Amino acid sequence: GEWAPGRVVGGLRWLALALVLVVFTQLGIAATMRHAHAGLSIPDFPAAYGHFLPDTSPEALAAINAKRIAAGEPATTAELIWLQMAHRGVAATIFLLTLALAWRCRRVPGLPAGARRTCDLLVAMVLVQAGFGAWTIWSNKAADVATAHQAFGALILLFSARLAFRFFAMQAGTREESLEISGATGYSRASA
């Protein structure tokens, strides 16, 4: 088939693996946020308390928590605010990695059409995921929206891991073929 071993995928396998690792890290950050039971530590988006980077000085944090408690929300900490900022930063990294992967997939000659389609699908999924993330904040963490955001993150991990696995399998087939050819001709690095 088109995904048969023996096709040269170059650095695509490492880019795909990097995407898998960053998505996995993102899911860990998200789980940590969820299990802190602090609600939304940053209630606005794309800003963070009205700024590009939030002020988490003791004075600013006291004012933030006074407003949160008056609104019936749990208090937050500087650590939880920066954890949510990390979630946003890693999301941007995932978006850039996915774009880079899709761009590289278009430039590797002889790459299966299915690989290109999967890379394009990943870009679309990441865009939808970003929309779910923003909507989660704008809806004050509505359960159905937050669940869709979480589920889509898992799907992105699945599709990126499957793609990375296939790229590594294809490249491994290339190495096996070159070893078979060198063995059949009696040529080896030792005899060179």
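A quick note: this is a predicted structure, and the numbers were derived from the prediction, not measured. In this chain, residues are counted from 1 in sequence order.
Shortest non-hydrogen contact noted between Leu101 and Ala16 is CD1-N, 4.0 Å. Smallest separation of non-hydrogen atoms from Leu80 and Ala36: CD2-CB, 3.6 Å. Scanning both residues, His87 and Ala30, for their nearest heavy atoms gives CE1-CB, 3.7 Å. Scanning both residues, Lys141 and Ala146, for their nearest heavy atoms gives CG-CB, 4.2 Å. Annotation for Ala47 and Arg88: closest pair O-NH1, 2.9 Å, computed over non-hydrogen atoms. The two residues Ala164 and Leu17 come nearest to each other via the heavy atoms CB-N, 4.0 Å.
Hydrophobic clustering of Ile, Leu, Val, Met, Phe, Trp and Tyr side chains at less than 4.5 Å, counting indirect connections, keeps Phe165 apart from Leu158. Both Trp14 and Leu21 sit in one connected hydrophobic cluster of ILVMFWY residues. Membership requires side-chain heavy atoms under 4.5 Å apart, directly or through other members. Leu83 and Leu61 fall into different hydrophobic clusters, where Ile, Leu, Val, Met, Phe, Trp and Tyr side chains are chained together by heavy-atom contacts under 4.5 Å. Cluster membership for Leu40 and Ile69, using ILVMFWY side-chain heavy atoms within less than 4.5 angstrom, is not shared. Ile137 and Met33 fall into different hydrophobic clusters, where Ile, Leu, Val, Met, Phe, Trp and Tyr side chains are chained together by heavy-atom contacts under 4.5 Å.
Arg104 places no side-chain N or O within donor-acceptor distance of the main-chain N or O of Leu12, the cut-off being under 3.5 Å. Judged purely by atom type and a 3.5 angstrom limit, Gln26 has no side-chain atom pairing as donor or acceptor with the backbone of Ile94. Side chain of Asn65 to backbone of Ala75: no donor-acceptor contact under 3.5 angstrom is found. Between the side chain of Arg106 and the backbone N or O of Ala102, no donor-acceptor pair lies under 3.5 Å.
The line from NE2 of His51 to CD1 of Ile42 is 12.0 Å long, rounded to the nearest 0.5 Å. Rounded to the nearest 0.5 Å, atoms CG (Leu157) and CZ (Phe24) are 7.5 Å apart. Rounding to the nearest 0.5 angstrom, the gap separating the CD1 atom in Ile64 from the CD atom in Glu59 is 11.5 Å. Rounded to the nearest 0.5 angstrom, Phe152 CZ and Met125 CE are separated by 5.0 Å. One finds the CG atom of Asn140 at 6.0 Å from the CD atom of Glu73 (value rounded to the nearest 0.5 Å). Here the OH atom belonging to Tyr49 is positioned 9.5 Å from the NZ atom belonging to Lys67, to the nearest 0.5 angstrom.
The shortest distance between side-chain heavy atoms of Arg116 and Leu111 falls below 4.5 Å. Taking 4.5 Å as the limit, some side-chain heavy atom of Ile29 sits within range of a side-chain heavy atom of Val90. For the pair Arg166 and Pro112, the minimum side-chain heavy-atom distance is 4.5 Å or more. Side-chain atoms of Phe167 and Cys105, non-hydrogen and from C-beta on, do get closer than 4.5 Å to each other.
With a 6.0 Å radius and a threshold of 12 heavy atoms from other residues, nucleotides or ligands, Trp82 has its CH2 atom above the threshold. Around the CZ atom of Arg34, the shell of radius 6.0 Å holds more than 12 heavy atoms that belong to other residues, nucleotides or ligands. Few gaps surround CZ on Phe45; more than 12 heavy atoms of other groups in view lie less than 6.0 Å from it.
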Would Thr56 and Met85 count as a side chain to side chain contact (heavy atoms under 4.5 Å, CB included) if you check the C-alpha gap in whole Å, the side-chain angles of each, and the deciding distance to 0.1 Å? CA-CA 12 Å; Thr56 55; Met85 288 302 294; over 6 Å; no
Set out, in order, the CA-CA distance, both residues' side-chain angles and the distance that settles side chain to side chain contact (heavy atoms under 4.5 Å, CB included) for Leu163 and Leu19, then state yes or no. CA-CA 10 Å; Leu163 184 66; Leu19 179 61; over 6 Å; no
Should Leu127 and Val123 be marked as a side chain to side chain contact (heavy atoms under 4.5 Å, CB included) after you check the CA-CA gap, both sets of side-chain angles, and the distance that decides it? CA-CA 6 Å; Leu127 288 172; Val123 170; 4.3 Å; yes
